[in-house]
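Quick caveat, the model's predicted, so the values are computed rather than measured. For the numbers below, each heavy atom of this structure counts, side chains included, while hydrogens, waters and symmetry mates do not.
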Amino acid sequence: MSKYKVFLLRHGEGAWNKENRFCSWVDQKLSEDGIKEAQECGRLLKEQGYKFDMVFTSLLSRSIHTAWLVLEALGQEWVPVVKSWRLNERHYGALIGLNRAEMALNHGEEQVKQWRRSYDITPPPIDRSHPFYLEIYNDRRYSNCDVSKDNLPRSESLKQVLERLLPYWDSIVVPEIRSGRTVLISGHGNSCRALLKHLEGISDADIVNVTLPTGTPILLELDENLQCVRPRQLLGDQAKIQAAIKMVEDQGKAKRPA
């Protein structure tokens with residue numbers, strides 16, 4: 001029996017989503033289409049009568065900006081927004097900044113799919129020679145985390161994303177849900193996939209096939225033990241949602257010269 005409702009949202013399209021690059025912890029803004037996606041998401045939620053008491057985001061601008069735009073469209077700008085690095089996108093290590101389609105051409109589509117979607121495969125770690133290393137680790141936003149900068153990840157599997165996300169879910173988010181508050185998590189493709197794996201009990205093998213489009217709200221209905229009582233609901237035009245899922249999946253396919 002459903003006792004709680006929780007909403008997950010992968011942020012609107014980011015600038016590097018549009019360029020088909022591994023963005024990860026690089027702080028890219030929303031693209032023009034991403035802004036529209038977030039606004040449309042807010043309008044959809046308003047039309048369906050949803051009201052939020054708390055919003056959780058990562059420390060990355062595309063997640064935060066999406067939350068702001070959704071709340072603005074809802075007319076609920078006053079709702080508290082709480083931010084944590086533990087909701088950040090998966091850290092793609094040395095792959096950050098690289099084009100997915102070019103990587104598929106050079107390394108094979110299956111390898112890129114494993115890097116992007118698998119549960120326990122970790123990409124090569126980032127090091128100080130990487131062009132975005134200093135941009136990430138010299139960023140002031142990571143100065144006041146609950147771990148030191150030296151202990152922040154240099155690369156992550158989805159399993160490791162779930163491991164750093166779960167303590168935050170259990171200690172910060174769950175008490176809000178149990179108190180009766182309706183919660184929206186404005187996260188990223190992999191932080192949302194990790195949480196879905198936990199809440200829906202998705203197997204290590206099956207999680208590779210879970211793809212989330214940008215800007216599409218996901219409704220989860222949970223029982224008293226905070227486990228899903230029915231399949232996730234992707235809200236909105238279902239034909240558009242399926243087309244968006246296919247577009248995300250196609251990002252990892254090689255594009256060969258004509």
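Between the side chains of D206 and Y119, no donor-acceptor pair is found at a separation under 3.5 Å. Side-chain contact check for D27 and S61: at least one donor-acceptor pair (N or O, by modelled atom type) lies under 3.5 Å. For the residue pair E110 / Q114, a side-chain donor-acceptor distance below 3.5 Å is found, with atom types taken as modelled. Defined by atom type and a distance below 3.5 Å, a donor-acceptor pair is missing between the side-chain atoms of T214 and H11.
L162 and L222 fall within a single hydrophobic cluster, where Ile, Leu, Val, Met, Phe, Trp and Tyr side chains are chained together by heavy-atom contacts under 4.5 Å. Criterion: ILVMFWY side-chain heavy atoms under 4.5 Å apart, direct or through other members. Under it, I241 and L45 are not part of a common hydrophobic cluster.
Note: Y50 and F7 meet the aromatic proximity criterion, with ring centroids under 6.0 Å apart. Aromatic pair W25/Y133: centroids not less than 6.0 angstrom apart.
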Worksheet item: Between W16 and F132, is a ring pair (Phe, Tyr, Trp, His ring centres under 6.0 Å) present by the stated rule, with each step listed?
Response: CA-CA 14 Å; W16 277 15; F132 291 100; 5.2 Å; yes
Practice prompt. Would you please test L69 and I35 for side chain to side chain contact (heavy atoms under 4.5 Å, CB included) and show each step?
Written response: CA-CA 8 Å; L69 291 169; I35 292 171; 3.9 Å; yes
Practice prompt. Any chance you could lay out the side-chain hydrogen bond (donor to acceptor under 3.5 Å, both in side chains) test for S84 and R86, step after step, and finish with the verdict?
Written response: CA-CA 5 Å; S84 173; R86 291 185 179 274; 5.2 Å; no
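To the nearest 0.5 Å, atoms CD1 (I177) and NZ (K3) are separated by 12.0 Å. Residue N106 holds its CG atom at 9.5 Å from CG of L98, rounded to the nearest 0.5 Å. Rounding to the nearest 0.5 Å gives a distance of 9.0 Å between CD of Q238 and CD of Q233.
A salt bridge does not link R90 to E156: none of the charged side-chain nitrogens sits closer than 4.0 Å to a carboxylate oxygen. We find that R154 and D127 are not joined by a salt bridge, their nearest charged nitrogen and carboxylate oxygen being 4.0 Å or further apart. Using a 4.0 Å cut-off between charged nitrogen and carboxylate oxygen, K5 and E221 do not count as a salt-bridge pair.
Residues passing the salt bridge (Lys or Arg N to Asp or Glu O under 4.0 Å) test with D204 are K197, sequence neighbours excluded. Every residue two or more places apart in sequence or in another chain was checked for a side-chain hydrogen bond (donor to acceptor under 3.5 Å, both in side chains) with T182, and none qualifies.
Ring planes of F22 and Y92: tilted class, angle from 30 to 60°.
In this structure a side-chain-to-backbone donor-acceptor pair under 3.5 Å is missing from S63 to T57. A donor-acceptor pair under 3.5 Å is formed between the side chain of R141 and the backbone N or O of L59. In this structure, the side chain of R10 engages the main chain of L212 through a donor-acceptor pair within 3.5 Å. Put simply, the side chain of R43 never gets that close to the backbone of L74: no donor and acceptor are under 3.5 Å apart. S155 contributes a side-chain N or O that, together with a main-chain N or O of P123, makes up a donor-acceptor pair within less than 3.5 Å.
Taking the side chain as every heavy atom from C-beta outward, L220 and L196 approach each other to under 4.5 Å. Between R21 and I96, every side-chain heavy-atom pair lies at or beyond the 4.5 Å cut-off.
In the displayed structure, K149 atom NZ is contacted under 6.0 Å by more than 12 heavy atoms of other residues, nucleotides or ligands. With a 6.0 Å radius and a threshold of 12 heavy atoms from other residues, nucleotides or ligands, K83 has its NZ atom above the threshold. Annotation: N144, atom CG; neighbour count of heavy atoms from other residues, nucleotides and ligands within 6.0 Å does not exceed 12. When the shell of 6.0 Å around CD of E19 is examined, it contains more than 12 heavy atoms from other residues, nucleotides or ligands. Applying the 6.0 Å contact sphere to CD of E32 captures no more than 12 heavy atoms from other residues, nucleotides or ligands.
In summary, of the residues considered (L8, I218, L219), a side chain to side chain contact (heavy atoms under 4.5 Å, CB included) with R232 occurs for I218 alone.
For the salt bridge (Lys or Arg N to Asp or Glu O under 4.0 Å) condition, no pair includes a residue of residues 47-71, sequence neighbours left out.
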